[in-house]
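When a residue number appears, it is its place in the shown sequence, counting from 1.
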Amino acid sequence: MATGQNWVLTSELHQRIDSIATRAARAATSDLAADLDAIRRIAMANGLTPAVCIVHAIESALASGQRGPMIADGLSLLRDAVACGRTDSRADAAFAAACSIRLAS
């Protein structure tokens with residue numbers, strides 16, 4: 001983990017991700033999308049760029065009707081991106097690649 005990691009922010013985002021995961025099977029897509037949008041805004045405001053592309057991919061998967069394991073995998077990857085503490089272009093590329101593999105339909 002990177003030095004200077006904001007553990008309060010990480011904890012808040014993990015709680016939000018866990019909330020989505022708990023409700024993913026039964027909640028309306030629009031509700032999940034709104035929650036993901038909030039995570040994206042927080043991530044962008046705090047420079048957590050690896051998380052942003054994953055949120056986009058999860059939203060796309062939800063919009064195409066995906067639920068279950070695909071969304072669970074995306075949320076797991078999102079947790080990892082939030083916790084990694086890196087914001088460099090290599091981390092962005094690595095998470096984007098992992099995302100494209102895990103969320104390929």
Side-chain angles (χ1 to χ4, degrees):
M1 306 276 169
T3 18
Q5 173 97 12
N6 185 336
W7 296 110
V8 173
L9 175 65
T10 300
S11 177
E12 177 188 343
L13 289 173
H14 280 176
Q15 288 174 3
R16 289 174 179 261
I17 294 164
D18 292 345
S19 173
I20 293 170
T22 300
R23 298 175 297 111
R26 67 186 186 298
T29 300
S30 60
D31 292 340
L32 298 175
D35 292 342
L36 285 164
D37 186 54
I39 291 172
R40 177 186 26 251
R41 284 185 278 115
I42 293 167
M44 287 177 67
N46 290 280
L48 300 175
T49 55
V52 175
C53 72
I54 297 168
V55 170
H56 285 295
I58 296 170
E59 286 176 327
S60 294
L62 283 171
S64 69
Q66 295 295 326
R67 294 291 176 117
M70 183 176 287
I71 300 303
D73 280 350
L75 293 172
S76 175
L77 187 59
L78 182 56
R79 281 182 64 80
D80 293 344
V82 166
C84 83
R86 291 183 49 190
T87 59
D88 57 276
S89 61
R90 287 183 136 182
D92 292 352
F95 277 102
C99 190
S100 69
I101 292 168
R102 283 178 139 179
L103 296 181
S105 46

With side chains defined as the heavy atoms from C-beta onward, is the minimum distance between I58 and I20 less than 4.5 Å? no
Let me check something: do I42 and I54 share a hydrophobic cluster, defined by ILVMFWY side-chain heavy atoms less than 4.5 Å apart, either directly or through other members? yes
Got a second to check how far D35's CG is from R23's CZ, nearest 0.5 Å? 4.5 Å
How long is the span from the CD atom in E59 to the CD1 atom in I39, to the nearest 0.5 Å? 9.5 Å
Derivation of the side chain to side chain contact (heavy atoms under 4.5 Å, CB included) call for L32 and R67: CA-CA 11 Å; L32 298 175; R67 294 291 176 117; 3.7 Å; yes
Any residue meeting salt bridge (charged side-chain N to carboxylate O under 4.0 Å, His left out) with R16, in chain and number order, not counting sequence neighbours: E12
Can you measure from CZ (R40) to CG (L13) and round to the nearest 0.5 angstrom? 13.0 Å
Partners meeting side-chain hydrogen bond (donor to acceptor under 3.5 Å, both in side chains) with N46 (sequence neighbours left out): none
Let me check something: any side-chain donor-acceptor pairs from residues 69-83 under 3.5 Å, sequence neighbours excluded? List them with distances.
from	atom 1	to	atom 2	distance (Å)
R79	NH1	D18	OD1	2.9
R79	NH1	D18	OD2	3.3

Do the side chains of H56 and L36 get nearer than 4.5 Å, heavy atoms only? no
Less than 4.0 angstrom from a charged side-chain N to a carboxylate O is my criterion; do R86 and D88 meet it? yes
Nearest heavy-atom neighbours spanning P50 and A91: CG-CB, 4.1 Å
Where do L62 and Q66 come nearest, in terms of heavy atoms and distance? CD2-O, 3.7 Å
May I ask you to decide if N6's main-chain N or O and T10's side chain share a donor-acceptor pair within less than 3.5 Å? yes
